[in-house]
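Letters go in sequence order (proteins before strands), and every chain restarts at 1. The analysis underlying the following values was restricted to heavy atoms, covering all of them including side chains, and did not include hydrogens, waters or symmetry mates. Computed from a predicted model, the values in this text were never measured in an experiment.
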There are 2 protein chains.
Amino acid sequence: MSQAATAMDEWTERQKDVLDAVLDLLVTGGDAVTTAAIARKANCSKETLYKWFGDRDGLLAATVRWQASRVRAGNFDAQHLDASQLRESLEAFAVNWLSVISSRTSIALNRVGISHAGSGKSGLGRMVLANGRFAIGERLKPLLEAGRANGLLAFDDTETAFRTFFGLVGRDVQIRLLLGDRLETTEAEIARDAARATQQFFALYGAPQTQKPTREG
Amino acid sequence: MSQAATAMDEWTERQKDVLDAVLDLLVTGGDAVTTAAIARKANCSKETLYKWFGDRDGLLAATVRWQASRVRAGNFDAQHLDASQLRESLEAFAVNWLSVISSRTSIALNRVGISHAGSGKSGLGRMVLANGRFAIGERLKPLLEAGRANGLLAFDDTETAFRTFFGLVGRDVQIRLLLGDRLETTEAEIARDAARATQQFFALYGAPQTQKPTREG
DNA sequence: GAAATTATGTACCGTACGGTACGGTTCGGA
DNA sequence: TCCGAACCGTACCGTACGGTACATAATTTC
């Protein structure tokens, strides 16, 4: 939240327009994202770019944070959960996550982060990770723990349970998209996969009706 | 197999040495993988590089195929499976797959493929995908189907079952490593995660003892 | 053992791109 | 109306790198 707030008002409207231009260039992967191309697209001068963002990497980092600052979806209230509410919330999380990783924006930013991670400097990669995988984890864990507190789920380690859910939802989608596989991700497909993943998660971690034994030794 | 054979004898020993040098440079991510650096490392001239492999992309593609040609692990015999054999085979697959995606080589090659996929030309990405995700799929599916034929597993769609297994095994490991996350992947951790994933897979797709109803509507 | 083939290493070229400099323009304030 | 700050557009610089040319050495072939 505070991250989002700082990212939101850290830049002026004009600067946000520039960051949007960078995003646009990243998503439209056709041509290389050079500083000249950015300046052209944003109708600003390269000098201004460097004045505002330091260097090219600073500009890319700012773009990642800017995109992250608007992705935050509303959290879920974790009180008075019943089974169907929990299921719905998990399914909504799954739908949201699948939509995000299937979006051209996410694909482009992850590619940038991965490329940077391969070039020694791991700052961007870590940033993408923090706003992707780890952000979704921190948002989902409270829901899982609320489910456990209400006797709907049974697990020992929240992190392990979350990672299982993550795997059931994401499967091979992200790596295939990152590697350029044409993978149709229609809204209907996403909804179906989210429902399947949620069902499977309940099969693995759903608590028996009357008692609360722990799975996962 | 035929792929591996062609890749194996497509190049001379000297050329394989060059490809090994490329791999070495890719894995040691410190410095950029320039053609000059490759020539220096391989003690050959740039002109030879271009004569043998066409251009830089051809060299990288050859490297991917060369690495892929050596990774093929022995297949499993799918006849006369009992439950414990199936479990062991699945666990071995999981261990193998986790070891592969955790290896510096796999990380480096996937990064290259992803970077290329982001630059329009998707050839390398597709190649990495074919020798990674899809190769493991083609190797594992016969085992799953043999398990079903022997009444040990219950599923309708082999692809769906495989992708679930893939997700349970891989979870967030690959994306985290690709983005530069330091994620300790000791042999013991891998063995434990492989066992957990296999157990979860049986919980989802294991056939009931006496009958064979289908899961997954 | 000469001729031919092949490979090495170095030097070179063209270009793309990150980063900087600077003249011209807009705009807010006194 | 003038001043200064911010900014645009363009031109420019240095370097890194993909790709080529060439002269020299090694290896094969006859």
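Counting only N and O atoms by type, the side chains of Asp24(A) and Thr28(A) include no donor and acceptor under 3.5 Å apart. Checked by atom type, the side-chain pair Thr158(A)/Glu145(A) shows a donor-acceptor distance below 3.5 Å.
Residues in residues 110-131 of chain A take part in these salt bridge (charged side-chain N to carboxylate O under 4.0 Å, His left out) pairs, two or more places apart or across chains: Asp57(A)-Lys121(A).
By the ring pair (Phe, Tyr, Trp, His ring centres under 6.0 Å) test, Phe165(B) is found to be paired with Phe201(B), residues two or more places apart in sequence or in another chain being considered.
Note: CG (Leu59(A)) to P (dG19(C)) measures 10 Å, nearest angstrom. For the pair Ile38(B) CD1 and dT8(C) C1', the computed distance is 16 Å after rounding to whole Å.
Of the residues listed (Ile101(A), Leu178(A), Ile175(A)), the one engaging Ile175(B) in a side chain to side chain contact (heavy atoms under 4.5 Å, CB included) is Leu178(A), and it is the only one.
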Nucleotide-resolved protein contact map, nucleotides 6-18 of chain D, B/S/- at heavy-atom distance under 4.0 Å: -SBB-------SB
